[in-house]
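Positions are given from 1, in the same order as the sequence printed here. Both ligands and their constituent atoms are indexed starting at 1 by order of listing.
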Amino acid sequence: MSLIVQKFGGSSVADAESIKRVAKRIVDTKKAGNDIVVAVSAMGDSTDELLDLAHEVTPIPAPRELDMLLTAGERISMALLAMAIKSMGYDARSFTGSQAGMITDAQHGAARIVDVTPGRLRDALDEGAIAIVAGFQGFNRDTKDITTLGRGGSDTTAVALAAALGADICEIYTDVDGIFTADPRVVPKAHKLDRVSSEEMLELAAAGAKVLYIRAVEYARRHGVTLHVRSSFNNNTGTIVYNAGATSPYAAALLNGEPVEEPIIAGVAADLSEAKVTVVGVPDIPGKAAQIFKIVAKTNANVDMIVQNVSAASTGLTDISFTLPKSEGQQVLTALTNEQQNVGFAGLQYDDQIGKLALVGAGMRTNTGVSAKLFEALFEAGINIEMISTSEIRISVVTRADTINQALRVVHTAFGLDGDGEAVVHGGTGR
Ligand code: ADP
Ligand code: ASP
Ligand code: MG
């Protein structure tokens, strides 16, 4: 008998019919003789709707109350799902995050899991019931308040439960057939990967592939959880996200052994959520970059790419540009403006019309010429590159936001990633 954790995303439980379909699927897995713990997301786009509602009431909702509001979404779906399963003659019990023992730090809206104490889930399993857990939510022991794990956080709930319970596999059910070489909504020729390393998946998720939440991938990597990302709309095998050398026997069977050689490129991803700040006319003397980024760091902003231009010999001044999430732009601009006199720069520019494309692949390590091919493909499409950064297994470029989808498609083709057919998206709005 196996212990399986199954996570169903919002698009898989969008309405009553879908909930019944998912319930049947869970019951089928149970009938096959498995123990099952389910993590479920809020129905459809209901988290977005609750968020919109909050902003209609006030432009800056109180974080504690916002978490109270948003966690209501998962409470609805968990209860409906448990009812549906019970009506099929199987025992099911729903649990909020705190009942399921998801203990987090106190950071509302982006809480981190610090402990998982799934005693009540174990009891339910021992009594033959299916345990249904509200995704995306936790509880802080000090403040005694309800927290949320960040958008897309139900993935993390599932992975954390799988780790704590020692599950054989963590299945992430969604509205596409697995992890593709690019977002199938944008690149219809994207093809499904049979397997991807957690290292590559981490880079793809960080670069905007929202099919898995980055913190869930990190957690799975740290705790050795193997993921199976698959569609809730069919029974096809999806994509295995494996941790090199540590694949569970269950996942190894799905994989038919460990990969012999990794492909050079796993996929491409794009991110439109960032903006670019340029500090113009910075004195080109030691210590200025340190001064600027100390100011930025104090705002807790997540700086991504940094580029410093060559200074003009005649002026001794240089420009420094960096990217960061748009949501953090205003506070960073304010902080820098307050220190303009001290640092001695001439001005600030803010550009929120950028897009970031990332090409990811473990095989890049040993392959030269990957960046040349990427730049060539963009050049041939007439797309200008504004910034470049690289890691061992990733190359990222910043372009204009309105060229990013075309950029994805031409790069996808240039690296021979185009599949034969057209990728299917089964549901969801992509919101
Ligand atoms: P869920 O509601 O199940 O959590 P999400 O909307 O969070 O689903 O994630 C699934 C979506 O992720 C897909 O519909 C797809 O548009 C998007 N996506 C982005 N990049 C990829 C990728 N590389 N492979 C598959 N899907 C991707
Ligand atoms: N419902 C939450 C969200 O929309 C969590 C999740 O779906 O993973 O972000
Ligand atoms: Mg998701």
Distances for all N or O pairs of ligand 2 and the protein under 3.5 Å?
{"unit_1": "ligand 2", "atom_1": "1 (N)", "unit_2": "T47", "atom_2": "OG1", "d": "2.8"}
{"unit_1": "ligand 2", "atom_1": "1 (N)", "unit_2": "E74", "atom_2": "OE2", "d": "2.7"}
{"unit_1": "ligand 2", "atom_1": "4 (O)", "unit_2": "T47", "atom_2": "OG1", "d": "3.4"}
{"unit_1": "ligand 2", "atom_1": "4 (O)", "unit_2": "R151", "atom_2": "NH2", "d": "2.9"}
{"unit_1": "ligand 2", "atom_1": "7 (O)", "unit_2": "S41", "atom_2": "OG", "d": "3.1"}
{"unit_1": "ligand 2", "atom_1": "8 (O)", "unit_2": "G152", "atom_2": "O", "d": "3.4"}
{"unit_1": "ligand 2", "atom_1": "8 (O)", "unit_2": "G153", "atom_2": "N", "d": "3.4"}
{"unit_1": "ligand 2", "atom_1": "8 (O)", "unit_2": "S154", "atom_2": "N", "d": "3.0"}
{"unit_1": "ligand 2", "atom_1": "8 (O)", "unit_2": "S154", "atom_2": "OG", "d": "3.2"}
{"unit_1": "ligand 2", "atom_1": "9 (O)", "unit_2": "R151", "atom_2": "NE", "d": "2.7"}
{"unit_1": "ligand 2", "atom_1": "9 (O)", "unit_2": "R151", "atom_2": "NH2", "d": "3.4"}
{"unit_1": "ligand 2", "atom_1": "9 (O)", "unit_2": "G152", "atom_2": "N", "d": "2.9"}

Surrounding NZ of K86 (heavy atoms of other residues, nucleotides or ligands, distance under 6.0 Å), is the total greater than 12? yes

Salt-bridge test for K210 and D271: reply yes if a basic N is under 4.0 Å from a carboxylate O, no otherwise. no

S77 (side chain) donor-acceptor with S41 (main chain) under 3.5 angstrom: yes

What does the list of residues with a heavy atom under 4.0 Å from ligand 1 look like, ordered by chain and number? K7, G9, G10, S11, Y173, T174, D175, V176, G178, I179, F180, A182, D183, P184, R185, A209, K210, V211

Main chain of T104, side chain of N140: is a donor-acceptor contact present, judged purely on distance under 3.5 Å? yes

Could you tell me whether D105 and R112 make a salt bridge, using a distance below 4.0 angstrom between a side-chain N and a carboxylate O? no

Against the six-membered ring of F8, is R21 placed for a cation-pi contact (under 6.0 Å from the centre, within 45° of the normal)? no

Please determine whether a side-chain nitrogen of the Lys or Arg among D155 and R215 lies less than 4.0 Å from a carboxylate oxygen of the Asp or Glu. no

K276 to Y350 six-membered ring, cation-pi geometry met (6.0 Å, 45°): no

Salt-bridge criterion met for D91 and R93 (N-O under 4.0 Å): yes

